Amino acid sequence: MHLDLDYFFAQVEENDHPEYTGKPVVVCVYSGRDETSGAVSTSNYIAREYGVKAGVPIKEAIRKLAGKDAVFLPVRHERYGEISQGVMQILDSYGEKFEYASIDEGFLEITRAAGGDYGKAERVALEIKKEVFGKFRLTCSVGIGPSKLIAKIASDFKKPDGLTVVKPQEVQQFLDSLPVGKIPGVGPKSSEFFASAGIETISDLRNADPGRIVEVFGKKTGGWLLNAAKGIDESEVGNSGGQKQISRIATLKRNTRNLGEIMGAMEGLILDVESEVKERELAFSVVGANVIDEHMKTLSKSRTLPHPAQDGNEVRKIARELFYEIINETKTEFRRAGVKVEKLESKKGQKNLSEFS
DNA sequence: CTCCTGGGTGC
DNA sequence: CCTGATCCCAGGAG
């Protein structure tokens, strides 16, 4: 089973501010460059009717919703995190294995709990939806299938407040009519290739030349896509061994390629990363720096340390070197800059906070 | 094989 | 006009 909270951030805001009901609600990430720079994180369905959805620049959203009495709000991650935890606890309690997939998504293994009966699984899903709505006044969309792949695609099939069950015998028929873009991992770039190759539906992909697909996407991804098109997915529900990186990025007050100015902007981010590392008793052995230039092109550099470290000074020193090198190898000015630590390992004890239990 | 960079994704 | 965080993969260099 896959559960997806509907327009999550915006739905939470609607609940916290009942006076917003009936209005377009737009939850935004403000970059701080000017009053309205930034992008839309999530919006409710009313806002979506005007083309205001995740990723749209705030300035564009303002234009599209002019005169529509829309509400623009900054993201409140702590609040959403709290509620997410409560919802995921409910989901977890109904099956034998749970996987936290993201702040608004989770997988549940219910094969045993449902005795292999899809009708039973469906009733469990209705129960879960009821409890989530009862406790948090949130609707969600649920998919049930013989694999994570099918459950995930199914949860997206009917939204909001949907419930879609795909039994093993129905898998192929269910997939065949769907656009290839519905396969997780197929985004704009892959879709572009598929369109040029005349592959529109998952059925088209299933009947495509496997050699050509592997040639274009590589052995791993290509193989996964071909299997997905046939409804084959053997991945198990469960968390894949903890977080692998911690990163922070910021939009600079103005475009620059001045090292001091960039490092000044990085200070808060570095302290933030350091406190997270220490709080969770982790250590890192790779430090990375990245910039996004005035043309939105990304550049990154990273360095492996001789020994794992915990200290912010280490991040600061390496990041400074990396930014120095980046500046020397480029000519453009930078709009955004960030730092990252990778190759995380648990330092104390053995209780690495691998998300939920 | 490891290290590093860039690209793609999806939320 | 363009957020912020994470993961995965390919491919080149050594």
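Labels below follow one simple rule: chain letters A, B, ... track the order of the sequence lines, proteins then strands, and each chain is numbered from 1. It should be emphasised that the depicted structure is a prediction, and the values quoted were computed from it without experimental measurement.
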Between P of C/dT6 and CG of A/Leu282, the distance in whole Å
12 Å

Please give me the minimum heavy-atom distance between A/Ala154 and A/Gly143, naming the atom from each residue.
CB-CA, 3.7 Å

What nucleotide, of B/dG8, C/dT3, C/dG4, holds the atom closest to the side chain of A/Met296?
C/dT3

Which heavy atom of A/Ala61 sits nearest a heavy atom of A/Val56, and at what distance?
N-CG1, 4.0 Å

Nearest whole angstrom, please: distance from the C1' of C/dC7 to the CD1 of A/Ile103.
17 Å

From CZ of A/Phe334 across to C1' of C/dC2 the rounded distance in Å is 17 Å

Check whether the ring centres of A/Phe334 and A/Phe323 lie less than 6.0 Å apart, and answer yes or no.
no

Which atom of A/Val315 lies closest to which atom of A/Val287, heavy atoms considered:
O-CG1, 4.1 Å

Rounded distance in Å - CG (A/Asp4) to C1' (B/dC11)
9 Å

Rounded to whole angstrom units, what separation is found between the CG atom of A/Leu269 and the C1' atom of C/dT3?
13 Å

Please name all residues satisfying side-chain hydrogen bond (donor to acceptor under 3.5 Å, both in side chains) with A/Glu314, sequence neighbours left out, ordered by chain then number.
none

The complete set of ring pair (Phe, Tyr, Trp, His ring centres under 6.0 Å) pairs with one or both residues in residues 212-264 of chain A, sequence neighbours excluded, reads A/Phe193-A/Phe217, A/Phe194-A/Phe217

Only counting residues at least two apart or in another chain, list the ones meeting side-chain hydrogen bond (donor to acceptor under 3.5 Å, both in side chains) with A/Glu13.
A/His17, A/Arg76, A/Tyr80

Check ion pair A/Asp34-A/Lys59 (N to O, under 4.0 angstrom):
yes

For C/dT6 and A/Ser102 - does any side-chain N or O of the residue sit under 4.0 Å from the phosphate oxygens OP1/OP2?
no

Examine C/dT6: is either OP1 or OP2 under 4.0 Å from a nitrogen or oxygen in the side chain of A/Ser247? Give yes or no.
yes

Basic-acidic side-chain contact under 4.0 Å: A/Glu49, A/Lys68:
no

Using heavy atoms and a sub-4.0 Å distance, could you list which residues of residues 30-51 of chain A are near DNA chain C? By number, please.
A/Ser31, A/Ser37, A/Gly38, A/Ala39

Sorted by chain and number, sequence neighbours left out, side chain to side chain contact (heavy atoms under 4.5 Å, CB included) with A/Tyr118 holds for A/Ile144, A/Pro146, A/Val165, A/Lys167, A/Pro168

Given 3.5 Å as the limit, does a donor-acceptor pair link the side chain of A/Lys152 with the main chain of A/Phe107, or not?
no

Quick tally for nucleotides 8-14 of chain C: nucleotides whose base has a protein heavy atom under 4.0 Å get B, sugar-phosphate-only ones S, the rest -, giving SSS----

Under a 3.5 Å cutoff, is there a donor and acceptor pairing between the side chains of A/Thr201 and A/Asp176?
no

Starting at NE2 of A/His77 and ending at P of C/dT6, how long is that distance when rounded to a whole Å?
10 Å

Contact summary for A/Gln11 and A/Arg137, nearest pair of heavy atoms:
NE2-O, 3.8 Å

At under 4.0 Å between heavy atoms, what does A/Ile292 touch on the DNA or RNA strands: base, sugar-phosphate, or nothing?
nothing

For DNA chain B, determine which residues of residues 146-164 of chain A have any heavy atom closer than 4.0 angstrom to one of its atoms, and list them numerically.
A/Lys152

Could you summarise the pairing of DNA chain B as dot-bracket text, marking Watson-Crick and G-U pairs under 3.5 Å with ( ) or [ ] inside the strand and | across strands?
||||||||..|

Could you tell me the separation between the CG atom of A/Leu225 and the C1' atom of B/dG8, rounded to a whole number of Å?
12 Å

It should be established whether A/Arg248 places a side-chain nitrogen or oxygen under 4.0 Å from OP1 or OP2 of nucleotide C/dG4.
no

Residues from residues 54-68 of chain A lying under 4.0 Å of DNA chain C - heavy atoms:
A/Gly55, A/Pro57, A/Lys59

Does anything in residues 25-72 of chain A form a ring pair (Phe, Tyr, Trp, His ring centres under 6.0 Å)? List the pairs, not counting sequence neighbours.
A/Tyr7-A/Tyr45

Check A/Asp161 against A/Ser141 and note the closest heavy-atom contact, atom names and distance.
N-OG, 3.3 Å

Checking all strands, does A/Lys343 fall into the base, sugar-phosphate, or nothing category for heavy-atom contacts under 4.0 angstrom?
sugar-phosphate

Does A/Arg257 reach the main-chain N or O of A/Ile327 with its side chain, forming a donor-acceptor pair under 3.5 Å?
yes

Using the test side-chain hydrogen bond (donor to acceptor under 3.5 Å, both in side chains), find all partners of A/Asn258 that sit at least two apart in sequence or belong to another chain.
none

When you group the ILVMFWY residues by side-chain heavy-atom contacts below 4.5 Å and let the links chain together, are A/Val171 and A/Leu205 in the same group?
yes

Check every strand shown and say whether A/Arg335 touches a base, only sugar-phosphate, or nothing at a heavy-atom separation below 4.0 Å.
sugar-phosphate

Salt bridge flag under 4.0 Å for residues A/Lys182 and A/Asp156:
yes

Just the table, please: protein N/O against nucleotides 4-6 of chain B N/O, every pair under 3.5 Å.
unit_1	atom_1	unit_2	atom_2	d
B/dC4	OP1	A/Thr304	N	3.3
B/dC4	OP2	A/Thr304	N	3.0
B/dC4	OP2	A/Thr304	OG1	2.2
B/dT5	OP1	A/Lys301	NZ	3.3
B/dT5	OP2	A/Ser302	N	2.3
B/dT5	OP2	A/Ser302	O	3.3
B/dT5	OP2	A/Ser302	OG	3.4
B/dG6	OP2	A/Ser300	N	3.0
B/dG6	OP2	A/Ser300	O	3.1

